[in-house]
**Q** 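The structure under discussion is supplied below as structure tokens; questions concerning it will follow.
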Amino acid sequence: MPSDTLAVNSPPGILVLTPAKNARAYIDSWMTGLKRLQWPRERLSIGVLESDSDDDTWARLSAIAPRLEDRASRVALIKRDFGFKAPKGLPRWTPAFQRLRRTTLARARNQLLFRALRDEDWVLWIDVDVIDYPADVLATMLALRLDIVHPHC
């Protein structure tokens, strides 16, 4: 339903976006956070972009799709590989790979935003490895009446 036809007191539409790579170990806690998020299902959408994983992240996301659909009015699961793989055994924050890693992550985030955003009023980025945040984080951030808010969770 377009937001211009909603009642004046209706909460804004929120799109939660999450990029995921080799995230199998985090998906259950990410899902737990989404379930706890205090926002009406009919005003919540979820978008996830999985790319370049070596584990079964995509299979796991596909398997939990029905649970995501129970939580949100719309779910977009997107698979897009960019071909970036850091050498095995090196942490992702290794300085020599940061420029390429960050460039690839920016491309993934752009793809996710362009492909998942429809008519939502706001976007909340939640990284898949964020394990805890307040259930009322959306209301808290929206109450600030700012265009951009970066919570520390």
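The shown structure was predicted, so the numbers you read here are calculated from the model rather than taken from an experiment.
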**Q** Atom CG in L61, atom CD1 in I27: separation rounded to 0.5 Å?
**A**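 Those atoms lie 4.0 Å apart.
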**Q** Is there a chain of hydrophobic side chains (I, L, V, M, F, W, Y, each step under 4.5 Å between heavy atoms) that links V16 to L68?
**A**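 Yes; L68 is reachable from V16 via cluster members.
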**Q** Going only through I, L, V, M, F, W and Y residues with side-chain contacts under 4.5 Å, is there a path from L105 to W125?
**A**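 Result: no, two separate clusters.
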**Q** When you check the side-chain N and O atoms of S45 and E120, is any donor under 3.5 Å from an acceptor?
**A** yes
**Q** Would I126 and Y133 count as a side chain to side chain contact (heavy atoms under 4.5 Å, CB included) here? Give the steps.
**A** CA-CA 10 Å; I126 299 179; Y133 48 90; 3.6 Å; yes
**Q** Work out which heavy atom in A20 is nearest to a heavy atom in T57; give both atom names and the distance.
**A** CB-CG2, 4.2 Å
**Q** Do the non-hydrogen side-chain atoms of W30 and I64 ever get within less than 4.5 Å of each other?
**A**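 Side chain of W30 against side chain of I64, heavy atoms only: contact under 4.5 Å found.
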**Q** Less than 4.5 Å apart, any side-chain heavy atom of W39 and any of P12?
**A**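 W39 reaches P12 side chain to side chain.
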**Q** Are L124 and L17 side-chain neighbours, meaning at least one heavy-atom pair lies under 4.5 Å?
**A**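 The answer is no; the side chains never approach within 4.5 Å.
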**Q** First locate atom OG1 of T32, then atom CG of L37, and finally report the distance between them rounded to the nearest 0.5 Å.
**A** 12.5 Å
**Q** Strictly below 4.0 Å, N to O, side chains only: are D55 and K21 in salt-bridge contact?
**A**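 No, D55 and K21 are not salt-bridged.
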**Q** Which distance, rounded to the nearest 0.5 Å, do you find between the CD1 of I131 and the CG of D28?
**A** 13.5 Å
**Q** Can you name the nearest heavy-atom pair linking I46 to R71, along with the distance?
**A** CD1-CG, 4.5 Å
**Q** Judged by atom type as modelled, is there a donor-acceptor pair below 3.5 Å linking the side chain of D52 to the main-chain atoms of G83?
**A**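 A pair under 3.5 Å: yes.
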**Q** Side chains of S51 and P19: closer than 4.5 Å at any heavy-atom pair?
**A** no
**Q** I need the minimum non-hydrogen distance between V128 and A23, along with the two atoms involved.
**A** CG1-CB, 3.5 Å
**Q** How about M141 and W122: do any of their side-chain heavy atoms sit closer than 4.5 Å?
**A** no
**Q** Is the OH atom of Y26 crowded by more than 12 outside heavy atoms at less than 6.0 Å?
**A** no
**Q** Which heavy atom of A63 sits nearest a heavy atom of P66, and at what distance?
**A** O-CD, 3.4 Å
**Q** Let me check something: do L144 and L138 share a hydrophobic cluster, defined by ILVMFWY side-chain heavy atoms less than 4.5 Å apart, either directly or through other members?
**A** yes
**Q** Is D54 paired with K85 through a side-chain N to carboxylate O contact shorter than 4.0 Å?
**A** yes
**Q** Give a yes or no on whether a salt bridge exists between D70 and K35, defined as a side-chain N under 4.0 angstrom from a carboxylate O.
**A**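 Result for this pair is no, no salt bridge flagged.
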**Q** Give, for atom CG of L77 and atom CD of E50, the distance between the pair rounded to the nearest 0.5 Å.
**A** 10.0 Å
**Q** Is there a path of hydrophobic side-chain contacts, each under 4.5 Å between heavy atoms, that joins V130 and M31?
**A**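 Yes; M31 is reachable from V130 via cluster members.
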**Q** Taking C-beta and beyond as the side chain, do V123 and L113 meet within less than 4.5 Å on heavy atoms?
**A** yes
**Q** CD1 of I14 to CG of L44: how many Å apart, nearest 0.5 Å?
**A** 7.5 Å
**Q** Would you say the side-chain atoms of R80 pair up with the backbone N or O of L49, donor to acceptor, closer than 3.5 Å?
**A**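 No, R80 side chain to L49 backbone: no donor-acceptor pair under 3.5 Å.
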**Q** Sub-3.5 Å donor-acceptor pair from the side chain of R41 to the main-chain atoms of A72, do we have one?
**A** yes
**Q** Would you mind reporting whether R43 and S73 have side-chain heavy atoms less than 4.5 Å apart?
**A** no
**Q** Might you work through the side chain to side chain contact (heavy atoms under 4.5 Å, CB included) test for E69 and R74, ending with a clear yes or no?
**A** CA-CA 7 Å; E69 290 165 356; R74 187 174 62 78; over 6 Å; no
**Q** What's the verdict on side chain to side chain contact (heavy atoms under 4.5 Å, CB included) for V48 and I78, showing C-alpha distance, side-chain angles and the deciding distance?
**A** CA-CA 6 Å; V48 182; I78 302 159; over 6 Å; no
**Q** For N110 and R115: C-alpha separation, side-chain torsions, deciding distance, then whether side chain to side chain contact (heavy atoms under 4.5 Å, CB included) applies.
**A** CA-CA 8 Å; N110 286 341; R115 293 177 66 182; over 6 Å; no
**Q** I need the L112 CG to L117 CG distance, nearest 0.5 Å.
**A**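 So the gap between those two atoms works out to 10.0 Å.
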